[in-house]
Amino acid sequence: MNLHEYQGKEILAQHGVNIQRGLVLDNLNEIENVSMKLTKETGTDWFVVKAQIHAGGRGKGGGVKLAKSKSELKDVVSSILGMNLITPQTSKEGKLVRKVLIAEDVYYPGESETEEFYVSILLNRKTGKNMIMYSTEGGMDIETVAEETPHLIFTEEVDPSFGLMPFQARRIAFNLGLSGLAFKEMTKFATNLYTAYVKSDASLFEINPVLKTSDNKIMAVDAKVTIDDNALFRHKDYQGLRDFREENPIEVEAGELGLNYVDLDGNVGCMVNGAGLAMATMDLIKQAGGEPANFLDVGGTADASRVEAAFKIILKDPAVKAILINIFGGIVRCDRVAQGVIDAYQNMGTINVPIIVRLQGTNADIAKQLIDNSGLDVQSAVEFQEAADKVQAVLS
Ligand code: GDP
Ligand code: MN
């Protein structure tokens, strides 16, 4: 589950991580109220207005702007709220901005220069440890840093059974070139950030930038937080944080039906049981000159109602020109799946794209007969290659 910046920052703050303070709003009427509250809390009337969408690079797209007075704030908020924001990380259609975060300006001048760092935490699957990645090059995208100046990216591997050790937190602060108060603040920041990551069952924290203010405080100015879906049952209080409007609507619907579906850009819809076979099927489609329109694992029980649900989901994508059903009957019997396909097809009336069904495993021959004798516009195949050839034939 991906979170908005303001939600991610809230979780950080709950675990003692220092953040750039702010308040979120979704209409112009609240500006007066919100800015007054913020000024009271922070002492400044310079604010930064930040579009809340599930994509980074907002600054580049005009979704992050500074306002140096209350009247400027009104103009800036009305220009961002409701805008269609296109960033390097959105599709070319962009995303509608439904909420903005009004935050205190934290780049004020003072005794020292401000500095921007990059800090992220994620699981290193190779070592089975949590990994803190950090860099002196904050504020720009980390992919560019990795390409051009990889020696400026550091990593600290954390054994989950020990947690972040004090010497590790000090090493982070040292490598970032900090000293004095900022050094101490950074060790605290890293320690609390790691705790927040573990306690929230996150799969990703990306804080870019982490800011050293001119008076040597360390704080999160941005927050990209992803919570592990498999751990959501432990966090009932996070339930309301999911913003379905930011997610792919077909994927949301598939999720409600218990189907494992990922939308892709191609033209061949796939219906497969098992994630491994689904991956292999997508390779096969590519080899046959097509592009998979989706990843879809229907799971173990490919009965008529599931097959029908899967058909409906696949056909919501207007790019689909053919559907390949590839089911291995290990526990599930092929003849039952075939009957499911036939029943689902009849229930749906007409399906306007060619369908190729490849059933292999228990009772595969009976299944093929069922399909061939159904009188429906469905082609059967036994071998993988045969299925691929038939996909190629209908596409050309
Ligand atoms: P992103 O572009 O989606 O990654 O959004 P960020 O939250 O990282 O903000 C983009 C940039 O806006 C940051 O890298 C900062 O340089 C700038 N920024 C953020 N907060 C402030 C602020 O309080 N004052 C000023 N002057 N700039 C800010
Ligand atoms: Mn950022």
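Counting starts at 1 for both ligands and their atoms, in listed order. Note that these values count all heavy atoms, side chains included, but never hydrogens, waters or copies made by symmetry. The chain is numbered in sequence order, starting from 1.
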Subject >> Heavy-atom side-chain proximity of Val225 to Gln7 below 4.5 angstrom >> reply: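 A side-chain contact under 4.5 Å is absent here.
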Original post:
What N/O/S atom of Asp222 gets nearest to the Mn ion (ligand 2)?
Top reply: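 Restricting Asp222 to its N, O and S atoms, the minimum distance to the Mn ion (ligand 2) goes to OD2.
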Original post:
Are the side chain of Glu251 and the backbone of Asp263 linked by a donor-acceptor contact shorter than 3.5 Å?
Top reply: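 Checked: pair present.
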Subject >> Main-chain N/O of Gly56 paired with Thr87 side-chain donor or acceptor, under 3.5 Å >> reply: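 The answer is yes, because a donor-acceptor pair under 3.5 Å joins these two groups.
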**OP:** Could you tell me the separation between the CE atom of Met271 and the CG atom of Leu324, rounded to the nearest 0.5 Å?
**Re:**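 One finds 10.0 Å between CE of Met271 and CG of Leu324.
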Subject >> Pocket residues of ligand 1, ordered first by chain and then by residue number (heavy-atom cut-off under 4.0 Å) >> reply: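 Under the 4.0 Å cut-off, ligand 1 touches Gln20, Val48, Lys50, Gly56, Gly57, Arg58, Gly59, Val64, Leu66, Glu104, Asp105, Val106, Tyr107, Glu116, Asn208, Pro209, Val221, Asp222.
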Subject >> Identified ring-ring contact (aromatic ring centres under 6.0 Å, His included) partner of Phe154 from the options Phe174, Tyr118, Tyr134, Phe117 >> reply: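 So the option named by the test is Tyr134.
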Subject >> Glu5 versus Gln52, side-chain donor and acceptor atoms under 3.5 Å >> reply: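 On atom types as modelled, these side chains qualify, holding a pair under 3.5 Å.
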